[in-house]
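Since the structure comes first, as structure tokens, the remarks are kept for the end.
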Amino acid sequence: MDKKDCLTVNQLTRYIKRKFDFDPYLQRNLWIVGKLTNFKKRARHQYFSLKDDSAPEDRRAVIDAVMFSSDWKNVDFTPENGMEVILGGKVTVYEQNGRYQFYVNRMLPVGISAAQLAFQETYKKLKASGAFAHAQDPRPLNPFPKRIAIVTSNDGAVKHDMITRIRNNNPLVQVVFYPTQVQGERAAEDLARQIQRVGINGTFDTLIVARGGGSEEDLMPFNSEIVARAVAASPIPVISGVGHETDTTICDLAADYRAQVPGLAAEMATPLHLMDLLADLQSARTQLVNTIQNRLQQAKQQLQVLTSSYVFAQPARLYESEQQHVDQLTEKLQQSMQWRLSQTRHDWQRALDGLLLNAPANRLQHNQQALTQLQQAMIHAMDRRLLHESDRFKSMLSQLDSLSPLKVMARGYSYVTKEDKVVASTRQLKKDESVVLHFADGAAEAVIKKINKR
């Protein structure tokens, strides 16, 4: 057989992977059960196996599994080898080694009920959609509600207990019941419809959704998505009082406030007891009257003390000290003005003396004297400068005369020229060449007969 007629390993593995990936049964959210093996917790992605202990020992199957970090962070228990778990996910083929494996997106310990599984699925979906926003940031309850709507069963002790508590707290509030089924197949739809009716009415201050305790299956309508979304969409604050203290429903998580029991929900809706408020108001009124009477009595006593004082007996005493103070200030003002006047006169006289000193006639006479002095000083300075420069000229003339070539030649020296140029070296002369000898008293022509070079 020719090689080209064969499949490569990659081609065969890819083909098998496509079979897995396009199988609708293998790609839906499968749930498998088995015991963990080869499990070792890693920092991010988890790799382990799941084995089937229910089959005979020689036919026990093992499947590889992987759970990525985005799904692993949602696991709320600590898996261990040998633990029986339920895994949710899909089956595919890992091409690098050609082995099929289970891609896990959910991991639950064995023993969780269908209702609990449905609860977790619904909770995860609603949390992602923001349906629990009111629980995180609850709307404030009206402390003096006028109308309260209650969605609950029309029969049972819950209804009567809530009426009694509300009447005890605030007999003026109007309570309107919206009867609904609280268990059964159509209970969720009936609950959602009544909750929506309360919101459409638009005249209520608070909505209470309540039911008594029951089994896990009895409370399933309050764990439904439709009820949770109706509660989250309510335009008024919602108090959820479903089941007993240990029960927690999706309805509780979507509401603004959760009451542990229905009766407590009625207490939360009417937080201020009207009779207690009336008693407090009466006490405050009595206290206010007593305070006013005491203040009036104190004021009367103070008035009597003032009217009997010597000031009212002799009113002139009120301004005697002030009059004395005015006299002191007047005397101080007069002294200050006299001092300022004397100071001003002194400043005026000094300014007048300065003005006279700087009068134009005086300034002109003074400037003329200064000009005469400057002229005389300039003449004396010029005479001294001329005398100095004359002496300096004579000295330089004497120095120049002593350095004159004529003075040197007078002592017996001469110089030689050739063609009107001074001969400074024997290299400039030639034998039998005519030259001129210059003396102090004249010149003579000569012929070079011999040249002695050094």
Side-chain angles (χ1 to χ4, degrees), residues 8 10 42-45 68-70 73 95-97 328-454:
T8 64
N10 282 346
R42 293 173 171 80
R44 297 184 60 214
H45 311 312
F68 296 114
S69 59
S70 57
K73 67 181 181 181
E95 292 188 48
Q96 276 70 5
N97 57 18
Q328 292 175 352
L329 291 177
T330 302
E331 183 179 356
K332 186 176 181 181
L333 178 61
Q334 291 175 351
Q335 293 175 355
S336 176
M337 291 186 66
Q338 289 177 358
W339 180 84
R340 290 293 299 275
L341 182 60
S342 175
Q343 186 69 23
T344 302
R345 287 176 178 174
H346 175 73
D347 294 342
W348 177 81
Q349 186 63 43
R350 187 172 57 181
L352 180 61
D353 295 343
L355 182 62
L356 293 175
L357 182 63
N358 293 313
N362 295 336
R363 294 293 299 274
L364 180 60
Q365 182 180 1
H366 176 73
N367 291 339
Q368 286 179 346
Q369 292 176 357
L371 178 62
T372 303
Q373 292 176 358
L374 289 174
Q375 288 176 345
Q376 293 176 356
M378 184 178 66
I379 292 172
H380 292 318
M382 291 180 64
D383 290 343
R384 288 195 301 271
R385 184 65 180 272
L386 286 174
L387 181 61
H388 174 72
E389 293 297 332
S390 177
D391 293 341
R392 184 167 172 268
F393 174 75
K394 291 179 181 179
S395 176
M396 293 177 66
L397 186 63
S398 176
Q399 294 176 6
L400 182 62
D401 181 63
S402 64
L403 296 175
S404 173
L406 296 177
K407 287 284 186 179
V408 176
M409 294 176 67
R411 294 198 300 269
Y413 291 95
S414 65
Y415 66 92
V416 180
T417 62
K418 185 179 70 173
E419 298 177 354
D420 296 331
K421 294 181 179 180
V422 176
V423 177
S425 173
T426 57
R427 290 193 295 272
Q428 297 177 258
L429 299 176
K430 296 181 181 179
K431 190 177 179 180
D432 298 327
E433 187 176 27
S434 296
V435 296
V436 178
L437 302 177
H438 296 269
F439 298 92
D441 57 351
E445 293 185 0
V447 176
I448 301 302
K449 294 298 183 179
K450 185 178 179 181
I451 300 172
N452 296 325
K453 296 182 179 181
R454 294 182 181 178

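Values below: every heavy atom of this structure, side chains too, minus hydrogens, waters and symmetry copies.
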>> Please find the pair of heavy atoms, one from Ile451 and one from Leu429, that lie closest to each other, and give the distance.
In response: CD1-O, 3.5 Å
>> If you compare all heavy atoms of Ile448 against all heavy atoms of Lys430, which two are closest, and at what distance to 0.1 Å?
In response: CB-O, 3.5 Å
>> So Leu329 and Leu333, do their side chains get closer than 4.5 Å, heavy atoms only?
In response: no
> With a 4.5 Å limit on heavy-atom distance, are the side chains of Val447 and Glu433 in contact?
Replying inline: no
Pairwise distance [atom1]([X]) to [atom2]([Y]) - rounded to 0.5 angstrom:
X	Y	atom1	atom2	value
Ile379	Leu374	CD1	CG	11.5 Å
Arg392	Arg385	CZ	CZ	9.0 Å
Gln375	Gln373	CD	CD	11.0 Å
Asp347	Leu352	CG	CG	12.5 Å
Met382	Leu387	CE	CG	13.5 Å
Gln343	His346	CD	NE2	6.0 Å

If you draw a 6.0 Å radius around [atom1] in [X], do more than 12 non-hydrogen atoms from other residues or ligands fall strictly inside?
X	atom1	answer
Tyr413	OH	no
Gln349	CD	yes
His45	NE2	yes
Gln328	CD	yes

> Could you go step by step and tell me if Glu445 and Val435 meet the side chain to side chain contact (heavy atoms under 4.5 Å, CB included) rule?
Replying inline: CA-CA 6 Å; Glu445 293 185 0; Val435 296; over 6 Å; no
>> Between Ser398 and Lys394 (side chain of the first, backbone of the second, donor and acceptor by atom type, cut-off under 3.5 Å), is there such a pair?
In response: no
> Just by distance, do the side chain of Lys418 and the backbone of Gln428 share a donor-acceptor pair under 3.5 Å?
Replying inline: yes
>> Does Arg345 form a side chain to side chain contact (heavy atoms under 4.5 Å, CB included) with Leu341? I'd like the steps, not just the answer.
In response: CA-CA 6 Å; Arg345 287 176 178 174; Leu341 182 60; 3.9 Å; yes
> Taking the inter-plane angle between the rings of His438 and Tyr415 on a 0 to 90° scale, is it parallel (under 30°), tilted (30 to 60°) or perpendicular (over 60°)?
Replying inline: parallel
> Would you call Asp353 and Arg350 a salt bridge, using N to O less than 4.0 angstrom?
Replying inline: no
